[in-house]
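Comments concern the structure below.
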Amino acid sequence: MTTVGLIGSGNIGTTVAQLAVEAGHQVVLSNSRGPETLADTAATLGSRASAATSEQAAAAVDIVVITVPVKAFPNLPAAPLAGKTVIDTCNYGPERDGHIPELDSNALTSSELLLRYIPDALLVKAFNNIFYKHLLSLARPAVAADRSFLPIAGDSTQAKAAVTKFIDSIGYSVVDAGPLTDSWRQATGTPVWGTPYGPYSNEKGQPVGEDAIRAALAAATR
């Protein structure tokens with residue numbers, strides 16, 4: 001069993017939390033508004049879920065999932081994230097985040113920008129390329145013939161192994177998409193972002209195998 005902390009509890013964060021609880025993990029939810037605003041969500045998820053501050057969620061867990069707007073990166077608690085395996089689900093959107101020159105010019109990926117704010121974390125990009133309703137509905141046991149794959153990117157072999165194990169436990173297999181410098185290949189608008197799993201109008205989605213994910217990553221351009 002792993003204890004997973006969520007910094008940000010929107011659609012993706014809550015979905016990851018639900019899958020984690022169903023897989024037998026403990027989850028600690030947090031957001032920018034305070035733990036009292038997550039009491040109902042934690043109650044719905046059951047006895048394996050609790051709510052806390054972002055600092056507490058980062059400090060007391062094995063894996064941390066960051067799922068916040070890119071513009072919120074400066075507000076993250078860097079100290080308790082040092083040495084932790086951290087999953088970055090975030091996508092850059094100038095219409096929401098404002099224009100960030102390093103991202104607009106492709107000088108950095110959003111994950112590399114995040115690492116500037118939490119430099120001692122072991123960061124892995126994951127869950128940012130799939131619609132939250134598809135993430136929930138496409139989870140399958142390891143033996144299922146129609147199990148779907150998710151891309152991950154990161155620089156730490158140790159962190160990638162931990163994230164792969166966690167993702168496997170909640171119903172997905174993994175394609176290693178390379179280091180963080182290559183995480184742009186799964187960013188908003190790329191071939192692997194959303195499309196392989198079907199349109200949003202089909203809330204159940206469609207299973208996607210390893211070869212399709214690898215081909216979509218390879219087809220990405222900047």
Atom pairs and distances, side-chain donor-acceptor, residues 149-157, under 3.5 Å, sequence neighbours left out:
unit_1	atom_1	unit_2	atom_2	d
Asp155	OD1	Leu180	N	3.0
Ser156	OG	Gln158	N	3.4
Ser156	OG	Ala159	N	3.0

Query - Heavy-atom donor-acceptor pair, Thr195 side chain to Pro191 backbone, under 3.5 Å - result: no
Query raised in the report: Do the side chains of Ile87 and Leu113 join up, straight or via other hydrophobic residues, at under 4.5 Å, putting them in one cluster?
Result: no
Query raised in the report: For Val208 and Tyr172, what are the C-alpha separation, side-chain angles and deciding distance, and is it a side-chain contact (heavy atoms from CB on, under 4.5 Å)?
Result: CA-CA 10 Å; Val208 183; Tyr172 288 85; over 6 Å; no
Report summary line: Residue pairs meeting salt bridge (Lys or Arg N to Asp or Glu O under 4.0 Å), one or both in residues 194-221, sequence neighbours left out, come to Lys133-Glu203, Glu210-Arg214
Query - Partners passing side-chain hydrogen bond (donor to acceptor under 3.5 Å, both in side chains) against Asp176 (at least two apart in sequence or in another chain) - result: Lys160
Query raised in the report: Should the pair Phe131 and Tyr200 be assigned to parallel (<30°), tilted (30 to 60°) or perpendicular (>60°) ring geometry?
Result: parallel
Query raised in the report: Tell me, which pairs form a salt bridge (Lys or Arg N to Asp or Glu O under 4.0 Å) where one or both residues lie in residues 8-29, sequence neighbours left out?
Result: none
Report summary line: Test side-chain hydrogen bond (donor to acceptor under 3.5 Å, both in side chains), reference Tyr92, set Asp104, Thr188, Asn128, output is Asp104
Report summary line: Result for side chain to side chain contact (heavy atoms under 4.5 Å, CB included) between Val27 and one of Val65, Val21, Thr3 points to Val21
Query raised in the report: Members other than Met1 in its cluster, when Ile, Leu, Val, Met, Phe, Trp, Tyr link by side-chain heavy atoms under 4.5 Å?
Result: none
Query - Leu122: hydrophobic cluster co-members (side-chain, 4.5 Å) - result: none
Query raised in the report: About how many Å separate CG of Leu115 and CD1 of Ile118, when rounded to the nearest 0.5 Å?
Result: 6.5 Å
Requested in this report: Could you walk me through whether Thr85 and Phe166 pass side-chain contact (heavy atoms from CB on, under 4.5 Å), step by step?
Outcome: CA-CA 11 Å; Thr85 295; Phe166 171 65; over 6 Å; no
Report task. Determine whether Lys84 and Ile63 make a side-chain contact, defined as any pair of heavy atoms from C-beta on separated by less than 4.5 Å. Result -> no
In residues 5-14, what donor-acceptor pairs under 3.5 Å come from side-chain atoms, sequence neighbours left out?
unit_1	atom_1	unit_2	atom_2	d
Ser9	OG	Ser30	O	3.0
Thr14	OG1	Ser9	O	3.0
Thr14	OG1	Gly10	O	2.8

Query raised in the report: At their closest point, which heavy atom of Arg147 faces which heavy atom of Ser173, and how far apart are they?
Result: NH1-OG, 3.1 Å
**Report entry** Path from Val68 to Val4 over hydrophobic side-chain contacts below 4.5 Å
**Finding:** no
Requested in this report: Write down the atom of Pro69, the atom of Arg96, and the distance for their closest heavy-atom approach.
Outcome: CB-NE, 3.7 Å
Requested in this report: Indicate if Val70 and Val64 have the same hydrophobic cluster label, given that clusters are the connected sets of ILVMFWY residues with side-chain heavy-atom separations under 4.5 angstrom.
Outcome: yes
Report summary line: Here the gap from Arg185 atom CZ to Thr109 atom OG1, rounded to the nearest 0.5 Å, amounts to 12.5 Å
Query raised in the report: Does any N or O in the side chain of Tyr117 come within less than 3.5 Å of the main-chain N or O of Asn75, such that one atom is a donor and the other an acceptor?
Result: no
Report task. Sort out for me which residue in Val124, Val86, Asp168 forms a side chain to side chain contact (heavy atoms under 4.5 Å, CB included) with Val163. Result -> Val124
Report task. Quick one: which residue pairs count as a salt bridge (Lys or Arg N to Asp or Glu O under 4.0 Å) with a foot in residues 56-73, not counting sequence neighbours? Result -> none
Query raised in the report: At what distance, to the nearest 0.5 angstrom, does CZ of Arg140 lie from OG of Ser148?
Result: 6.5 Å
**Report entry** Gap between atom OG1 of Thr190 and atom CH2 of Trp184 - 0.5 Å precision
**Finding:** 8.5 Å
Query raised in the report: With a 3.5 Å cut-off and no angle check, do the side chains of Ser169 and His25 form a donor-acceptor pair?
Result: yes
Query - Nearest-0.5 Å distance, CH2 of residue Trp193 to CG of residue Asn91 - result: 7.0 Å
**Report entry** Main-chain N/O of Pro77 paired with Ser54 side-chain donor or acceptor, under 3.5 Å
**Finding:** no
Query raised in the report: Do other residues, nucleotides or ligands put more than 12 heavy atoms under 6.0 Å from the CG atom of Asn106?
Result: yes
Query raised in the report: Tell me the salt bridge (Lys or Arg N to Asp or Glu O under 4.0 Å) pairs involving residues 111-132, sequence neighbours left out?
Result: Asp88-Lys125, Glu102-Arg116
Report summary line: Leu138 and Pro207 have their tightest heavy-atom pair at CD2-N, 3.7 Å
Query - Single-linkage hydrophobic cluster Leu29~Leu135, side-chain heavy atoms < 4.5 angstrom - result: yes
Requested in this report: Report whether Leu81 and Leu123 are members of the same hydrophobic cluster (ILVMFWY, side-chain heavy atoms less than 4.5 Å apart, transitive linking).
Outcome: yes
Query - side-chain hydrogen bond (donor to acceptor under 3.5 Å, both in side chains) partners for Thr15, two or more places apart - result: none
**Report entry** Check: Gln186 side chain, Ser183 main-chain N or O, donor-acceptor pair, under 3.5 Å
**Finding:** no
**Report entry** Test side-chain hydrogen bond (donor to acceptor under 3.5 Å, both in side chains) applied to Arg48 - qualifying residues, sequence neighbours left out
**Finding:** none
Query raised in the report: Does some side-chain heavy atom of Thr89 sit less than 4.5 Å from a side-chain heavy atom of Ile66?
Result: no
**Report entry** Where Ala23 and Ile170 come nearest, the two heavy atoms and their spacing
**Finding:** CB-CG2, 4.1 Å
Query raised in the report: What pairs with Tyr197 under ring pair (Phe, Tyr, Trp, His ring centres under 6.0 Å), at least two apart in sequence or on another chain?
Result: none
Report summary line: Rounded to the nearest 0.5 Å, the SG atom of Cys90 sits from the CZ atom of Phe73 at a distance of 4.0 Å
Requested in this report: Taking all heavy atoms of Ala139 and all of Leu19, pick out the closest pair and write down the distance.
Outcome: CB-CD2, 4.0 Å
